Every structure is written in C-alpha cells, then in structure tokens.
2 protein chains.
Amino acid sequence: MPAASKPVPSVWARTPREADQPALSRTAIVREAIAMLDAEGVEALSMRKLGARLNAGATSLYRHVATKDELMELAVDEVCGEIALPAPGGPDWRADVADAARSFRATALRHPWVAGVLGQAGLAYLGPNLMAFSNNLAALFTQTGFPQPHGAIDTVLSYVIGMSTTEAAWLTTVARSGETEAEFVARLMPAAREAAAQHPDLAGGYVDVPDPVALRDAKFEYGLGVVLDGLATRMPA
Amino acid sequence: MPAASKPVPSVWARTPREADQPALSRTAIVREAIAMLDAEGVEALSMRKLGARLNAGATSLYRHVATKDELMELAVDEVCGEIALPAPGGPDWRADVADAARSFRATALRHPWVAGVLGQAGLAYLGPNLMAFSNNLAALFTQTGFPQPHGAIDTVLSYVIGMSTTEAAWLTTVARSGETEAEFVARLMPAAREAAAQHPDLAGGYVDVPDPVALRDAKFEYGLGVVLDGLATRMPA
DNA sequence: CCGTCATGCGTACAGTGTGCGCACGATAGG
DNA sequence: CCTATCGTGCGCACACTGTACGCATGACGG
C-alpha cells in the first residue's frame, strides 16, 4: 500500500484539533512576540520559536502577519501604547514634556529592544500609538505657543531616543551577564579604568558607583533638564 | 584508482595560488566590509558575500576575525576614525563641541549603518577611535572648567546619536526607493498628510519642502543649539 | 447536503554564521 | 637536500533562519 508512506501512523488516531486553545490571532501573536523579545532580546525571536510558544507551526503565523518585519512593527507600536500621554494645555509645559519623556524612557527600559528597533526604523513606523505619542508631544508645544514646535519635538525625541537606546543596550548587556547591575559594574571597573588610562579626560567617569540605577536616573534627568532649559530660552515671554 | 573520486580533475592542473593578490588581512577585510555596508546596508552583509568580494571563501575570513560581531565592531571603530576631533582648550568651547557634533553627524550620514549599530551596542564597543572621540568631547568640556563634564558628554552624545540614527534610517529608506530625497518626499506627502489628519498637532510638519537636505541640516542645527544653550546656562561665568 | 472559505501545517528552498579537518606554500632545523 | 612545523585558505557540514506553496481540515452559508 503506497498510503503507508505517509508519516501519519493511522488516520483514525488523528487528534481532532484542540479547539480549547484560543486559536491564533494577530493580537495573541503580537503579545507573545513582545514577551519573547522582553525575555530574550531581538535576535532570539524567530518565527519557529514564536509559533512553538503558541502551539502552532512557524508558517501558520503568516496567516495573520505578512512578514516578520511587519510583526516587529506591530510589536513596537503595541509597546508604544504603554507610554503615558500628559494632557496638553496644562499650565506647565516644561513639566508635561518632562513627564512624556520620562514615560517614554520607562517603557523603553521595560522593553529593552524597542528603542533600538525604533531608531533603526526611523519614520517608517507609523502605527497609531506611535503617532499618538508624537502628536501628544506636538500638542504640548503648540498649545503653549511655542515658536518652532517641530524643532522642539525632534530635539526632545532625539535626546530621549538616543539616551534610551544606549541605556537599553547597557541593560541588555548586564542582563546577559547574569549579574546585578552593581556586580557587573564592579567587575568591569578595573578594565575600564585601564582603558581610560590612555584617555585622561575620561577617567572621571570611572569612579565607584554605589547605586547605578540612581546614577542612570540622574544622568537622564540632567540631560532632560539641559534640553528643556535650551528650549525655554526659545519660548516667548 | 580511488584517487579519481577526488573533485580535483588532475593534480597537475592545479593553479599554484595566485600570489599577486594581496592576500587576506584584517584591515583589507574590514575595509571591504565597510564598502559593502555603505553600499547595501547592514542586512546585506554576509560572510559569504564578503569572502567572495575578496576572492576568498567565507570561512577563510575567520582566520583574521573571530566572529561577525567582532568584524562589525572593527568596522564601527574604523569609521569612527573619520570623525574630526577639534583641539581642546580653544577659546570657544561652544563652537568646538558643535564642530565635533557636526563631524559625528557627517560621518554617520556617510555610513548610514553605523549609528544604528553603535546605538544597539551601547558601551560594549571600546575601540580606540571611539574612545578617542569620547575623550576628545570630554576634554572640550573639562578644559573649560565645565562643572559636570560627564553629564554634558552624555547629553550631547545622546542627542547626536539619536538624531543621526533617525536621519540615517530615513536616508536608507530613501536610498532603497531609488528616488531622490525630494521625489520621495513628494510621493509620500499625500499619505503622510492623510495619516496626520487624525493628529492635528502634527499637521504642521507635513508642508511642502523645497530642499529636504537643507531642512535636515537646519533641524540638526536647531537641536544642537538647544542643547548647547542648555549647557551654557550651567557654565559658570 | 454540498460548495466555499478561512485557517493551520508539512515540506521545501535559498540563505545564514561558523566549527572541523584537510591541503598547500613557506620557513626553519638537521 | 630532506623533513618537520606552521600559518593560511578552503570544502564540507550542521543547525538554523524567513517564507512560498499547496494540501487538509473544520466551520459556515446556500
């Protein structure tokens, strides 16, 4: 019988589809992709592994998602939905912009892959949540009569994306080491100091840090203050 | 004769190694890798294609380079060597920092892959040229008695990296379209305007741009001015 | 009851990074 | 001069990637 060449041992033993599973859906796929990205980073996400986590084959995902790049775009936008948007028109534009920036950083650090992907994609991602964030930032400036709102948006966004990308990359490296951030810093310090010996003006950056998290927070706040001060000088009285 | 099973048709017909070729070397590999990255972007670089361009097999490269990641690190640092470093201690720290920032942006746009790779790697890249650039920036601040030089460095770097990454991603998208930047902008404008209809505060950003290159230059200069102004308020008189 | 259709999956293809071991030319030691 | 060693390049192989194609299955509307 040529039918015996089929890999199925018997037609009668077929499992009649596990219908209790919520089946595949675009939102479920995106949700699980984000979970994988958060846990293992961007290069650990493959369509096969993602399918396996959803009790599905790799190619089944393509019924709901055109391509892996599209999936990444959806994941990025989904994560951007976590950014808190301050209500525009408040009395203190400075505080509102700062809150938006902090919220962006916080979600970028919660999902350490998103800043890098977002930066590399540039303006190609036009998802609703990302657009809403940009628009919110714009509203914060326009509604207070800022002269060049688009320059202000790009300036704030560039600073925040640049800082968050660098920070997220650092956190990824730390996470891969399996140590706490403080341990990792302590272990790297001698090598860094030796490398900085050739570059005396950098040496001041390699002092002992008792609380690396607080230091990163302070660095971000410092730069944010610088940017906002610079913008404040361009705000008419 | 079992020797006939060898793929070599005859031992006597063997080419005696083309010794005129400059042979493989780490610097030649890195140089050619940069050329490929500039021409076709980061996802078009494969060890096999790179080997082929050097008249070599893929695995031959591994005699000179431990891994592809290491090759990328070498390429990034090599490119960072193109950044012009202003002499520290000049009378106008503002102009010097601005020159360093402009030079960084210029090389990042000449090699549109480098900003993204650099951002994603964070502080993991400690090549000499990158260290020299950081140190130069540090020297520009320390030698003028700036109070928090490391905060200033991180602020400027974050802004410049963020802006350059976004710009480079945009340029990559434009290049892949095969059109000029002006054509590409014109073609995208209707879609962008329609998308911005839902986001009225963004609408002002989608006006006709006669000269996109000049507009990007102006945007960069605006943000750079903002950052430097913010830093200037922290400089003691 | 019988198409039609959306959905999942098995197979396959071209391509990736890279470990392994062999073959070769040059070079040094007897 | 012969021989042992060594650096270099390469062929092969492995595990893995994204994704195109076509079939099987069950749900659903006529």
Side-chain angles (χ1 to χ4, degrees), chain A residues 2-30 32-33 36-37 40-75 117, chain B residues 2-30 32-33 36-37 40-75 117:
Chain A
S5 66
K6 293 287 188 81
V8 178
S10 164
V11 188
W12 317 112
R14 177 154 327 120
T15 69
R17 173 95 41 132
E18 318 182 18
D20 49 306
Q21 227 68 359
L24 240 36
S25 77
R26 170 179 280 207
T27 62
I29 291 173
V30 172
E32 207 63 27
M36 285 190 66
L37 289 165
E40 311 193 59
V42 69
E43 77 279 358
L45 175 68
S46 81
M47 298 304 270
R48 283 180 235 266
K49 287 188 211 153
L50 179 57
R53 271 176 78 124
L54 291 159
N55 295 342
T59 61
S60 308
L61 308 172
Y62 285 91
R63 295 284 173 187
H64 306 267
V65 156
T67 183
K68 194 191 179 186
D69 286 346
E70 181 182 303
L71 172 60
M72 291 300 294
E73 197 169 330
L74 291 169
V117 175
Chain B
S5 67
K6 292 289 189 78
V8 177
S10 164
V11 188
W12 318 112
R14 176 150 329 119
T15 69
R17 175 89 46 125
E18 318 182 19
D20 50 307
Q21 226 68 0
L24 240 38
S25 78
R26 171 179 280 206
T27 62
I29 291 173
V30 171
E32 207 64 26
M36 287 190 65
L37 289 164
E40 310 193 59
V42 69
E43 77 278 359
L45 175 68
S46 82
M47 298 303 271
R48 284 180 234 264
K49 288 186 210 151
L50 179 57
R53 270 177 77 123
L54 291 158
N55 295 342
T59 59
S60 307
L61 308 172
Y62 285 91
R63 295 283 175 188
H64 305 268
V65 155
T67 183
K68 193 191 180 186
D69 286 346
E70 181 183 302
L71 172 60
M72 291 300 295
E73 198 170 329
L74 291 169
V117 175

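Quick caveat: nothing in here was measured; it's all calculated off a predicted structure. Every chain is numbered from 1, with letters handed out A, B, ... down the list of sequences.
Rounded to whole angstrom, the span from the CD1 atom of A:Ile29 across to the C1' atom of D:dG18 amounts to 15 Å. Between the CG atom of A:Leu71 and the P atom of D:dT17 there is a distance of 15 Å, given to the nearest Å. Regarding B:Met72, its CE atom lies at a distance of 11 Å from the P atom of C:dG17, rounded to whole Å. Straight-line distance from the CE atom of B:Met47 to the C1' atom of C:dG19: 13 Å, rounded to whole Å. The distance between atom CD of A:Glu43 and atom C1' of C:dT18, rounded to the nearest whole Å, is 16 Å.
Contact between the side-chain N/O atoms of B:Lys49 and the OP1/OP2 oxygens of C:dT16 is found at a separation under 4.0 Å. Taking side-chain N and O atoms only, B:His64 has a distance below 4.0 Å to OP1 or OP2 of D:dG9.
Each of A:Ser60 and B:Ala58 was assigned the nucleotide of DNA chain C with the nearest heavy atom; the assignment lying further toward the 5' end belongs to A:Ser60.
Taking 3.5 Å as the limit, the base of C:dG15 and the side chain of B:Arg48 contain no donor-acceptor pair of atoms between them.
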Under 3.5 Å between N/O atoms: give me all the protein pairs with nucleotides 21-23 of chain D, atom names plus distance.
residue	atom	partner	partner atom	Å
D:dG22	O6	A:Arg63	NH2	3.2

Would A:Leu24 and A:Arg63 count as a side-chain contact (heavy atoms from CB on, under 4.5 Å) if you check the C-alpha gap in whole Å, the side-chain angles of each, and the deciding distance to 0.1 Å? CA-CA 9 Å; A:Leu24 240 36; A:Arg63 295 284 173 187; over 6 Å; no

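The closest side-chain heavy-atom distance from B:Leu50 to B:Leu71 is below 4.5 Å.
Within the nucleic acid shown, A:Leu50 has no heavy atom closer than 4.0 Å to any nucleic acid atom.
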